[in-house]
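Report on the structure given below.
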Amino acid sequence: MAMANIFQAIRDSVKLYMNRRNIIYQWLCEEGFLVFTVEDIPDDIKNREMKLTNSQAKYNAEQWDQFTRKYNNRDFHKSLHNIIADKYGCL
């Protein structure tokens with residue numbers, strides 16, 4: 001369910017903040033998405049930058065298009081399973 005919320009946020013051009021140790025954060029960054037860290041929140045609040053800029057939103061939308069062409073459902077689940085198994089040695 002969390003992944004569905006993350007993907008919906010990307011599709012809705014929401015500025016995502018995640019812990020940099022989160023494996024999903026690392027994976028999304030490797031896939032080219034703009035994802036911000038929870039450490040960025042205080043400065044973003046101070047600077048009133050809690051939303052993606054138009055160019056950042058456009059960039060993530062383009063990454064989403066590439067991402068959905070790269071992974072079909074079966075490949076996506078297999079890739080996610082492999083990432084988690086490699087990181088945690090389980091599954």
Side-chain angles (χ1 to χ4, degrees):
M1 204 154 89
M3 289 297 297
N5 291 334
I6 291 168
F7 289 152
Q8 187 64 48
I10 291 170
R11 289 190 302 265
D12 289 344
S13 298
V14 172
K15 191 169 189 178
L16 291 176
Y17 295 93
M18 300 177 79
N19 187 311
R20 71 179 69 238
R21 293 181 308 210
N22 184 321
I23 191 166
I24 302 305
Y25 167 84
Q26 296 168 12
W27 178 59
L28 291 172
C29 290
E30 289 170 9
E31 290 296 331
F33 289 102
L34 296 176
V35 183
F36 301 85
T37 68
V38 293
E39 292 86 8
D40 295 323
I41 294 173
D43 286 337
D44 282 359
I45 291 172
K46 179 180 171 185
N47 298 319
R48 298 178 185 252
E49 296 176 353
M50 297 297 295
K51 295 182 179 181
L52 292 175
T53 65
N54 288 338
S55 62
Q56 289 172 328
K58 182 179 177 184
Y59 176 83
N60 267 0
E62 291 167 357
Q63 291 305 113
W64 179 257
D65 288 341
Q66 289 179 22
F67 180 81
T68 56
R69 284 193 301 273
K70 182 177 177 180
Y71 296 106
N72 58 39
N73 274 349
R74 183 178 179 174
D75 290 342
F76 167 74
H77 289 294
K78 182 178 178 183
S79 178
L80 191 58
H81 178 275
N82 289 340
I83 289 167
I84 293 169
D86 288 347
K87 176 78 175 181
Y88 298 105
C90 60
L91 299 178

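In this text the structure is predicted, and so the values were computed from the model without any measurement. Scope of the values below: all heavy atoms of this structure, side chains included, with no hydrogens, waters or symmetry mates.
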- Going only through I, L, V, M, F, W and Y residues with side-chain contacts under 4.5 Å, is there a path from Leu16 to Phe36?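 Leu16 does not cluster with Phe36.
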- Task: Could you check Leu34, Val14, Asp65 and say which one makes a side-chain contact (heavy atoms from CB on, under 4.5 Å) with Asn60?
- Result: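 So the option named by the test is Leu34.
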Once you round to the nearest 0.5 Å, how far does [atom1] of [X] lie from [atom2] of [Y]?
X	Y	atom1	atom2	answer
Ser13	Lys51	OG	NZ	11.5 Å
Ile83	Glu30	CD1	CD	7.0 Å
Trp27	Ile6	CH2	CD1	9.0 Å

A side-chain contact here means heavy atoms from C-beta on lying under 4.5 Å apart; do [X] and [Y] qualify?
X	Y	answer
Tyr17	Met50	yes
Tyr88	Ile23	yes
Ile10	Leu28	yes
Tyr59	Leu52	no

- Task: Specify the closest pair of heavy atoms between Trp64 and Phe7, including all atoms of both residues, with the distance to one decimal.
- Result: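 Closest heavy-atom pair between Trp64 and Phe7: CZ3-CD2, 3.6 Å.
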- Message: If I compare all heavy atoms of Glu31 with all of Gln63, which pair ends up nearest, and what's the gap?
- Response: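 Looking at all heavy atoms of both residues, the shortest contact is O-NE2, 3.1 Å.
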- Given Gln66 and Arg69, is the side chain to side chain donor-acceptor pair (under 3.5 Å) satisfied, shown in steps? CA-CA 5 Å; Gln66 289 179 22; Arg69 284 193 301 273; 5.7 Å; no
- Qualifying residues under side-chain contact (heavy atoms from CB on, under 4.5 Å), relative to Glu49, sequence neighbours excluded: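 Listed in chain order: Lys15, Asp44, Asn47.
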- Query: Sub-3.5 Å donor-acceptor pair from the side chain of Asp40 to the main-chain atoms of Thr37, do we have one?
  - Reply: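 The answer is yes, because a donor-acceptor pair under 3.5 Å joins these two groups.
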